[in-house]
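Working notes for the structure below.
Everything numeric in this text was worked out from a predicted model, so none of it was measured. Chain A is the first sequence line, chain B the second, and so forth, proteins listed ahead of strands; every chain is numbered from 1.
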Number of protein chains: 2
Amino acid sequence: MNIGEIARRAGVARSTVSYALSGKRPVSDETREKIQRVIDDLGYRPNASARALANGRTSTIGLVFPPAGNHYTGMQLDFIGSVVEAAAARDYDVLLSPSGMDSDRSFQRLLGERRVDGAILMEIRLEDERVDHLARLDFPSVTIGRTARPGGTWWVGLDHTALAAACVHHLADLGHRRVAFVNRPEQLLRAGYESAHRGLDGFTKAAAERGLAVRTYCCGDDPASGQACLERILHEDPATTALVTLNEAALGGLYRGLAHAGRHLPRDFSVTGVVASRWAETVTPQLTAADVPAEEMGRRAVDLLIERLDHPGGAPRHHLLTPPISLRASTGPAGGASFAETTPPAGTS
Amino acid sequence: MNIGEIARRAGVARSTVSYALSGKRPVSDETREKIQRVIDDLGYRPNASARALANGRTSTIGLVFPPAGNHYTGMQLDFIGSVVEAAAARDYDVLLSPSGMDSDRSFQRLLGERRVDGAILMEIRLEDERVDHLARLDFPSVTIGRTARPGGTWWVGLDHTALAAACVHHLADLGHRRVAFVNRPEQLLRAGYESAHRGLDGFTKAAAERGLAVRTYCCGDDPASGQACLERILHEDPATTALVTLNEAALGGLYRGLAHAGRHLPRDFSVTGVVASRWAETVTPQLTAADVPAEEMGRRAVDLLIERLDHPGGAPRHHLLTPPISLRASTGPAGGASFAETTPPAGTS
DNA sequence: TTGAAAGCGATACCAG
DNA sequence: CTGGTATCGCTTTCAA
């Protein structure tokens, strides 16, 4: 079923059917209705490939995120969901590409073969070859996260520096003096992941400002690593009374480690960090955290990209978000239990 | 940059370039190398729309899942991730479509406009108009989950009946006599969601077989609902000593409710269910559960679909999986505390 | 082993 | 207001 067949049955030219559909040229009511009847009868829908070939637009956006092997973090998945829904609302389809490098086959297909009109990139690194690549090609794209020098590019991001600092200040205000930082996996830090770097920076500087004793850790993206990491923390400094984390996937393990060490939240230990609300609310006690507004970020990224597609050559725009800390139940005043002096160090049993 | 330009620069016909690329016709080494050099020089990649138009295949599969408004469950997202990775490994792209009905715009675009070669459907209902629609059109598709009468269709599914029954038997073997069932939200049950129905069935029958006293509940897909649901359970029958759940998103809330009621797992209460392992391992104590093998299911769905695409007309195939229960730490013998008689009912404070 | 040309199914320009 | 036709970039048949 194609446009020629519709034209034949309606007794008009193919171009007339096309114009009746697009409205880009006036068509008499009579003709339009005649055409519409045929279309409804046959359930005709124009072929997307042909249309894309003819007018150079696919009405599809690419969503590029690194392959995760076994598991994605909840946050990554939240972004995917929000981007897809926002795009659907704007009548765009979303093509997924699990690629971490600009040389990945899937990445090449998306861009090189022009399968998409534009792309949204996730999991940005401070130095990101994918971003540079796209910028060089002047390929319309928006990043969720920002590189070291984001000037001239389109992005929506979180102010991880400020967020981590806010966590530190919150803990310092509560009287905590010895605080640990639980980051994403070391391999991601080394690879230059933005959130890991800026978060660490913000934490370190704010802690120095407040004169806190700190230790920083990298931690795998899973509960078992979280538990192991917590054991290390209490082993290396049993007097630690609080931690800040960016690692939502490890959160459950951190909690478990605390429970095993006999530390009761928030009485003798406080936990806070940067985590999407749905995960913060899953743990008990619920996590006091700067909530990552995944839905808003996905929606804004889509809006920016569509704006860029509709108005090529416009000045780069971006959104830097700094969500407030939501007070829940995982932080409390330090010293409630003076734990380190009344019990043996954990992690040694 | 198109195939004509490559042909011109290499001094050959367009068809020769095409054949050099596809290998569907012998091309002399000399010619091929000449062409390849030009291609490498210019970084040429064939246009996907043109190719799709010419040969009728898009090398893209559609992944259809219901719009979730605010949040997807972790399991849904796990499926998405696994399908995307499996497809990428087979050089297929994945187009996402958040649509619950066959009338959704996104659904129509995907199929009607032939944006995809085939589709994978998630969140199947016992009576599913999307599945019927696709079957009528003979559109290549595979479902994750199965309808009431899955004969003649392609699917990969979980034997929820057997899984729920296995949970019941596990608890009964441990001596539990009063057991609750925490299902997905009522609205999904009413809508006929397969897992909710078959799971409930399996639970009910197995419980009857073992002579257990049971209560069944529907519960919203979020921690707050889980907590509320647990309060109701203990309020309506304080002597309940165990529960089975399909609702992974509520799990954190169920645990919290138990903690608030002073029930210690697994000493005075046991929890088990059907949940993907990564979520089962997030909670403390880790959940003894039939692990949903999301990755395997996604991979198998992709394999089945590609098989169906490559060999049209083949006999329908399917995989029914029954993963075993992984013993972790959330279940234990009943009666360890004889809780109901020594403390007031929970949920009344 | 290679070239020429006819589609694939739309869009949009040029005429009338 | 409508029709005819070139065009998008690739695949594949037909001929040499």
What residues, two or more places apart in sequence or in another chain, satisfy ring-ring contact (aromatic ring centres under 6.0 Å, His included) together with W154(A)? none

Can you pull the salt bridge (charged side-chain N to carboxylate O under 4.0 Å, His left out) pairs that have at least one residue in residues 13-22 of chain B, sequence neighbours excluded? none

Record whether the side chain of T16(A) comes under 3.5 Å of the base of dG3(D) through a donor-acceptor pair of N or O atoms. no

Let me know the distance between CD of E113(A) and P of dT11(D), rounded to the nearest Å. 10 Å

With sequence neighbours left out, the residues meeting salt bridge (charged side-chain N to carboxylate O under 4.0 Å, His left out) with R32(A) are D29(A)

Starting from the first five and the last five pairs of the helix from dT1(C)-dA16(D) to dG16(C)-dC1(D), work out the angle between the resulting helix axes, to 10 degrees. 40°

Residues in contact with DNA chain C, drawn from residues 30-58 of chain B - heavy-atom cutoff 4.0 Å: T31(B), L53(B), A54(B)

Position toward the 5' end of DNA chain D (nearest nucleotide), R14(A) or D29(A): D29(A)

d(CD1, I3(A); P, dT5(D)) in whole Å: 16 Å

Under 6.0 Å from the CD atom of E129(B), do we count more than 12 heavy atoms belonging to anything else shown? yes

Does dA12(C) have OP1 or OP2 sitting under 4.0 Å from an N or O in the side chain of K24(A)? yes

Does S18(A) have a side-chain nitrogen or oxygen under 4.0 Å from the phosphate oxygens OP1 or OP2 of dA10(C)? no

Show every donor-acceptor pair shorter than 3.5 Å between a side-chain atom in residues 305-315 of chain A and any protein atom, with sequence neighbours excluded, or say none if there are none.
residue	atom	partner	partner atom	Å
E307(A)	OE1	R317(A)	NE	3.1
E307(A)	OE2	R317(A)	NE	2.8
R308(A)	NH1	S141(A)	O	2.7

Taking the nucleotide of DNA chain D with the nearest heavy atom to each, does S22(B) or S28(A) sit closer to the 5' end? S28(A)

Would you mind checking if D104(B) and R109(B) are paired as a salt bridge, meaning a charged N to carboxylate O distance below 4.0 Å? no

Once ring-ring contact (aromatic ring centres under 6.0 Å, His included) is applied, do any residues pair with H319(B), and if so which ones, sequence neighbours excluded? none

Partner set under salt bridge (charged side-chain N to carboxylate O under 4.0 Å, His left out) for R8(A), not counting sequence neighbours: E5(A)

In whole Å, I'd like the distance from the CD1 atom of I6(A) to the P atom of dG9(C). 12 Å

Could I get the full list of side chain to side chain donor-acceptor pair (under 3.5 Å) partners for Q108(A), not counting sequence neighbours? none

Contacts of E127(B) that satisfy side chain to side chain donor-acceptor pair (under 3.5 Å) - sequence neighbours left out: R149(B)

What contact category does V17(B) fall into here, base, sugar-phosphate, or nothing, at under 4.0 angstrom with non-hydrogen atoms? nothing

Atom pairs under 3.5 Å: protein N/O with N/O of nucleotides 14-16 of chain C:
residue	atom	partner	partner atom	Å
dC14(C)	N4	R25(A)	NH1	3.4

What residues, two or more places apart in sequence or in another chain, satisfy ring-ring contact (aromatic ring centres under 6.0 Å, His included) together with F65(B)? Y72(B)

